[in-house]
Amino acid sequence: MRTWRAGGGSSRTTRWTCGTWISRPGSRRHSFFMSTAQSKNITPRSQDFAAWYQDVVLQGDMAEPAEVVKGCMVIKPNGYAVWEGLQAELDRRFKATGHKNVYFPLFIPESFLRREAEHVEGFSPELAVVTIAGGKKLEEPYVVRPTSETIIGHFFARWIQSWRDLPVLVNQWANVVRWELRTRMFLRTTEFLWQEGHTAHGSEEEAREEAVRMLHIYADVAEEVMAMPVIRGVKSRAEKFAGAQRSYCIEAMMQNGLALQAGTSHELGQNFGKAFDVKYQSKEGTLEYVWQTSWGVSTRLIGGLIMTHSDDKGLVLPPRLAPVKAVIVPIFRKEEEREKVLEAANRMAADLNGAGLTAEVDAREGYNPGHKFFHWEQRGVPVTIELGPRDLAAGTAVVKRRDLGTKESRPKEGLAAAVRGILDEMQSSMLATGRERLKANTVTASSMGEVEEILSSATAEKGGGKFVMAHIKDDPACDAKVKEFRASVRCIPLKDENDGPGKCIVTGETVAQRSVIAKAY
RNA sequence: CGGGGCGUGGCUCAGCCUGGCUAGAGCGCCUGGUUCGGGACCAGGAGGUCGGAGGUUCGAAUCCUCUCGCCCCGACCA
């Protein structure tokens, strides 16, 4: 392929600009009067949350802007390892619920997108389209997949004949392209990595169960693996996936109070079944359209992870996702100390690794220990271990926990068990902290004025965003009112933890429960 | 597309207005030495067709024209 056209023929062709991430930490002037508490190359959250985020991603060596490819990023080893951790946790759960992995083409005939009216309307502004390939103009352009419902629908139609073929439960790990106007590393990039599950069922109930089951798997990974609390909910009609009958989502709250949609799961109903003629013959002999679902999470989760846990010193990774659990920093003055300390450090690393805790020794020369502490701190390593002559003499090591910054001397004997204990504690404490933050920044409101008041004064970029629980009718016209002040209806929680029915803040009609209204990424 | 701004070593920038000797600084990088319990210091060193093309001039990073790219705000973000 030679040329790309952005925008699927829409007027967007050359209109996009790529986000804010090019700006560098050095471009801002940092104040650093404080000695140990302050990082000199990371903008404090309180000063500029977006800049802080960029700094953490960069200094944590997670990713960098692709530079020569606008809107795209290079995921670096430290970042990709986190993605691999998420993939492993998710994939295991998908397999355990009967799904098999598959792979469909990157290119989709343009006409496929058009078969489902709402779907094409939703996606066409952000399509990248291949019009020339092999030096020749294509008869029918290919779109680079923004998602695969259409091409998978086409093949489902070939695979499914009888009720005996159902359900079909597949998942694919892939990259997708959505030509966004504004991008931020991990949170919204032109190309991103994700998984998309696609299933076909013989009944609406079964499809609904599937969609909800997968939503709970996402929530489980978010909370138990990522230590990122989420609200499970249903999207409003205005916010649902283009072509779905109903969309479920998990919404997380970032440290600045903004909402992040961290995963979605859709009941597609028979929309794609009808568009692609996916029919099966029932036990009774009648021809029926299948009921489908699709569900996905992406590398955006990593952005959520960062904005949930990291601090002004840099990245903080939950132990379960940290590629390296512990780094040992050797300390010595004299040459003979050097040898002894390094030997002890290597032995200690071997012990930890033997106990299943990935550990490394930072034996680099030319950097003093302080430099190394900062280095690993910025990269989010959960535990750093200082090992020097004083420790060797005492048979101990100084163990520091990344999230709280607490340091304590531990006996060398049984260190692996102690570190494991610290990691476990850290994992659950991080989740607890997130839950407290979510709770503390969730408020109720009973009028649109109140909602607007809260969200406008919140100045989310400075860390005061809120989730506002309010009664609002599930009607695009009501959503539009909320959008007037750059907020949105995030979801209608699956479990109503508030006061049940109440009057809609727009129409005054009675609605069953409160929804989450917030500013979002 | 509208409005604003920027292109100078790897990074962040100064120099340009008012043309002139070998284009600088900080950070980073390399070498050697002294250091090492929270971002070390000293000495030496590598690294730049000043985004590109054309023009003015004895002479252009600097002035003029064109061009390319990028950033910010707006519009967009199922």
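Note on naming: letters A, B, ... go to the chains in the order of the sequence lines (proteins, then strands), and numbering restarts at 1 for each one. Only heavy atoms go into these numbers, but all of them, side chains included; no hydrogens, no water, no symmetry mates. None of these values were measured; they are calculated from a predicted model.
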Exercise for the section: State whether A/R401 and A/E408 are salt-bridged, where the test is any N-O pair (Lys NZ or Arg NE/NH1/NH2 against Asp/Glu carboxylate O) under 4.0 Å. Expected result: no
Practice task
Decide, yes or no, whether a salt bridge links A/E239 with A/K483 under the criterion of side-chain N to carboxylate O below 4.0 Å.
Solution key: yes
Practice task
Quote, to the nearest angstrom, the C1' distance that separates B/C41 from B/G4.
Solution key: 45 Å
Practice task
Using a strict cut-off of less than 4.0 Å between a Lys/Arg side-chain nitrogen and an Asp/Glu carboxylate oxygen, indicate whether A/E343 and A/K340 qualify as a salt bridge.
Solution key: no
Completion exercise
To the nearest angstrom, the CG-P distance between A/D55 and B/G39 comes to 21 Å
Problem - Distance, rounded to the nearest Å, where A/E365 contributes CD and B/G33 contributes P - result: 11 Å
Handout entry: Between B/C76 (C1') and A/F123 (CZ): distance, integer Å
Key = 14 Å
Exercise for the section: Answer yes when A/R232 and A/E251 have at least one side-chain N-carboxylate O distance shorter than 4.0 Å, and no when they do not. Expected result: no
Handout entry: Between B/G26 and B/A53 - P atom distance, rounded Å
Key = 31 Å
Practice task
Compute the centroid of each ring, for A/F112 and then for A/F276, and state whether the two points are separated by less than 6.0 Å.
Solution key: yes
Problem - Under-4.0 Å side-chain N/O to phosphate OP1/OP2 contact, A/R486 with B/G74 - result: yes
Handout entry: Ring center gap for A/F104 and A/H198 short of 6.0 angstrom
Key = no
Practice task
In whole angstrom, give me the gap between the P atoms of B/G3 and B/U67.
Solution key: 16 Å
Problem - P gap between B/C71 and B/U18, integer Å - result: 32 Å
Problem - Distance, rounded to the nearest Å, where A/R184 contributes CZ and B/C71 contributes C1' - result: 14 Å
Practice task
Would you check if the distance from the ring center of A/Y248 to the ring center of A/H266 is below 6.0 Å?
Solution key: no
Exercise for the section: Starting from C1' on B/G39, measure out to CD on A/E386 and report it in whole angstrom. Expected result: 14 Å
Exercise for the section: Report which part of the nucleic acid A/Q378 touches: base, sugar-phosphate, or nothing (heavy-atom distance under 4.0 Å, all strands). Expected result: base
Completion exercise
Those stems involving RNA chain B that have three or more consecutive Watson-Crick or G-U pairs, both distances under 3.5 Å, are B:1-7 with B:68-74, B:10-13 with B:24-27, B:29-34 with B:40-45, B:51-55 with B:63-67
Problem - Sugar-phosphate, base or nothing in reach of A/P146, heavy atoms under 4.0 Å - result: nothing
Completion exercise
Among the nucleotides B/C36, B/G37, B/G39, whichever has the atom closest to the side chain of A/R333 is B/C36
Exercise for the section: Take the protein atom CG of A/N41 and the nucleotide atom P of B/C27, then report the distance between them rounded to whole Å. Expected result: 14 Å
Exercise for the section: Indicate yes or no: does A/D475 engage A/K473 in a salt bridge with an N to O separation below 4.0 Å. Expected result: yes
Practice task
Using a 4.0 Å heavy-atom cut-off across all strands, classify A/K334 as base, sugar-phosphate, or nothing.
Solution key: nothing
Handout entry: Short side-chain N/O contact from A/Y367 to OP1 or OP2 of B/C41, under 4.0 Å
Key = no
Practice task
Mind running a 4.0 Å heavy-atom check of residues 238-245 of chain A against RNA chain B and sending the residues that fall below it, in number order?
Solution key: A/E239, A/K240, A/F241, A/A242
Problem - Base B/C77 to side chain A/R188, donor-acceptor N/O within 3.5 Å cut-off - result: yes
Practice task
Would you classify A/R237 as touching base, sugar-phosphate or nothing, given that sugar-phosphate means primed atoms plus P, OP1 and OP2, and contacts are heavy atoms under 4.0 Å?
Solution key: nothing
Practice task
Please report, rounded to the nearest Å, how far the C1' atom of B/G28 is from the NE2 atom of A/H375.
Solution key: 14 Å
Handout entry: Length of the line joining A/I42:CD1 and B/G39:C1', which is rounded to integer Å
Key = 12 Å
Problem - Salt-bridge present (A/R402, A/E377; N to O < 4.0 Å) - result: no
Problem - Interatomic distance at C1', B/A43 relative to B/A23, whole Å - result: 25 Å
Problem - From B/C36, B/G39, B/C77, nucleotide with atom closest to A/E180 side chain - result: B/C77
Fill in the blank from the handout: A/F332 has its side chain closest, among B/G37, B/C77, B/C36, to B/C36
Practice task
Kindly say whether A/K274 contributes a backbone atom to a donor-acceptor pair with the side chain of A/N271 at under 3.5 angstrom?
Solution key: no
Exercise for the section: Please state the P separation for the pair B/C16 and B/C11 - nearest whole angstrom. Expected result: 23 Å
Handout entry: Inter-nucleotide P distance (B/G51, B/G9), Å rounded
Key = 7 Å
Problem - B/C30 to B/U22 separation - C1' atoms, rounded to the nearest Å - result: 23 Å
Problem - Sub-6.0 Å ring centroid separation between A/H375 and A/Y367 - result: no
Practice task
Assign A/V398 to base, sugar-phosphate, or nothing according to its heavy-atom contacts below 4.0 angstrom with the strands shown.
Solution key: base
